[in-house]
Amino acid sequence: MQDIKQVLADAVRESRTKLGLSQEKLAEHLGLDTRTILNIEAGRGNPKFEILYPIVTYLKIPADTIFYPDSENEQPNLQRLLTTLKDCTDQEADALLPMVRYMLDLLRK
């Protein structure tokens with residue numbers, strides 16, 4: 001099993017950089033000390049749930065990435081799509097559903 005602190009460090013760093021955020025900006029958005037983000041990304045410390053939860057949800061890191069790092073994610077694009085869709089309101093999902101079905105029909109022909 002991989003070192004869980006390093007798995008968390010890598011996931012936070014990767015997600016943060018994909019969003020184009022510095023450690024300072026992420027800390028500012030979440031009301032945290034920059035050293036907290038620095039320590040997490042360095043694999044140091046053991047963040048409390050009250051710190052970890054806002055970071056993971058803000059960066060939209062799938063739980064499997066952290067809690068099941070040894071499982072192969074054979075469909076990373078599907079995982080990203082599902083994560084994005086989970087942010088939708090019910091009204092937005094209702095509006096998107098016919099469009100998604102239509103696009104899938106086009107792609108599968």
Side-chain angles (χ1 to χ4, degrees):
M1 181 172 170
Q2 298 178 19
D3 177 32
I4 194 68
K5 290 180 185 179
Q6 191 58 52
V7 169
L8 176 62
D10 295 343
V12 169
R13 185 180 316 102
E14 181 181 333
S15 296
R16 177 184 59 76
T17 55
K18 278 184 181 176
L19 291 174
L21 294 171
S22 65
Q23 291 176 337
E24 294 79 14
K25 272 291 184 203
L26 177 60
E28 182 182 316
H29 284 296
L30 299 174
L32 300 172
D33 190 293
T34 303
R35 289 175 294 182
T36 301
I37 305 300
L38 175 73
N39 286 332
I40 290 170
E41 288 189 12
R44 293 189 300 264
N46 189 13
K48 292 182 180 182
F49 182 77
E50 292 80 11
I51 301 291
L52 183 61
Y53 181 79
I55 293 170
V56 169
T57 54
Y58 185 83
L59 295 175
K60 296 179 175 54
I61 299 172
D64 286 358
T65 301
I66 298 169
F67 296 108
Y68 301 101
D70 295 329
S71 67
E72 292 281 327
N73 187 356
E74 296 174 9
Q75 299 177 316
N77 289 329
L78 180 58
Q79 185 64 42
R80 282 192 290 276
L81 178 61
L82 292 172
T83 301
T84 302
L85 289 173
K86 286 180 184 178
D87 265 351
C88 292
T89 66
D90 193 48
Q91 184 179 7
E92 291 168 335
D94 188 49
L96 285 171
L97 196 54
M99 289 183 266
V100 170
R101 286 186 179 136
Y102 175 76
M103 293 300 294
L104 283 172
D105 284 343
L106 288 176
L107 290 170
R108 291 175 177 165
K109 287 184 180 180

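Remember, predicted model here, so these are calculated numbers, not experimental data.
Taking a 4.5 Å side-chain heavy-atom cut-off between Ile, Leu, Val, Met, Phe, Trp and Tyr, the cluster of Tyr53 extends to Phe49. The hydrophobic cluster containing Met103, built from Ile/Leu/Val/Met/Phe/Trp/Tyr side-chain heavy atoms closer than 4.5 Å, also comprises Tyr102, Leu106.
Tested against Ile51, the residues Ile37, Val56, Thr36 include a single side-chain contact (heavy atoms from CB on, under 4.5 Å) partner, Thr36.
Criterion: ILVMFWY side-chain heavy atoms under 4.5 Å apart, direct or through other members. Under it, Ile4 and Val12 are part of a common hydrophobic cluster. Under the 4.5 Å side-chain heavy-atom criterion for grouping Ile, Leu, Val, Met, Phe, Trp and Tyr, Leu19 is connected to Ile40 within one hydrophobic cluster.
Not counting sequence neighbours, the partners of Asp87 by the salt bridge (charged side-chain N to carboxylate O under 4.0 Å, His left out) test are Lys60. Under the rule for a salt bridge (charged side-chain N to carboxylate O under 4.0 Å, His left out), the partners of Glu14 that lie at least two apart in sequence or sit in another chain are Lys18. Scored by the salt bridge (charged side-chain N to carboxylate O under 4.0 Å, His left out) test, Glu28 finds Lys25 as partners (sequence neighbours excluded). With sequence neighbours excluded, the residues satisfying side-chain contact (heavy atoms from CB on, under 4.5 Å) with Leu30 are Leu26, Leu32, Pro54, Ile55, Tyr58. In terms of the side-chain contact (heavy atoms from CB on, under 4.5 Å) criterion, Thr84 has no residue partners (sequence neighbours excluded). Listed by chain and number, the residues in a side-chain hydrogen bond (donor to acceptor under 3.5 Å, both in side chains) with Asp90 amount to none (sequence neighbours excluded). For Thr57, the side-chain hydrogen bond (donor to acceptor under 3.5 Å, both in side chains) criterion is met by no residue, not counting sequence neighbours. Among residues two or more places apart in sequence or in another chain, the side-chain contact (heavy atoms from CB on, under 4.5 Å) test is passed with Leu85 by Leu81, Cys88, Leu96. Contacts of Leu107 classified as side-chain contact (heavy atoms from CB on, under 4.5 Å), with partners at least two apart in sequence or in another chain: none.
A salt bridge links Asp33 with Arg35: the distance from a Lys NZ or Arg NE/NH1/NH2 to an Asp or Glu carboxylate oxygen falls below 4.0 Å.
Here the CD atom belonging to Glu92 is positioned 13.5 Å from the CG atom belonging to Leu97, to the nearest 0.5 angstrom.
Sorted by first and then second residue, the side chain to side chain donor-acceptor pair (under 3.5 Å) pairs involving residues 39-49 (not counting sequence neighbours) are Arg16-Glu41, Gln23-Glu41, Asn39-Arg44.
Contact record, Ala11 with Thr65: CB-CG2, 3.9 Å, taken as the closest heavy-atom pair.
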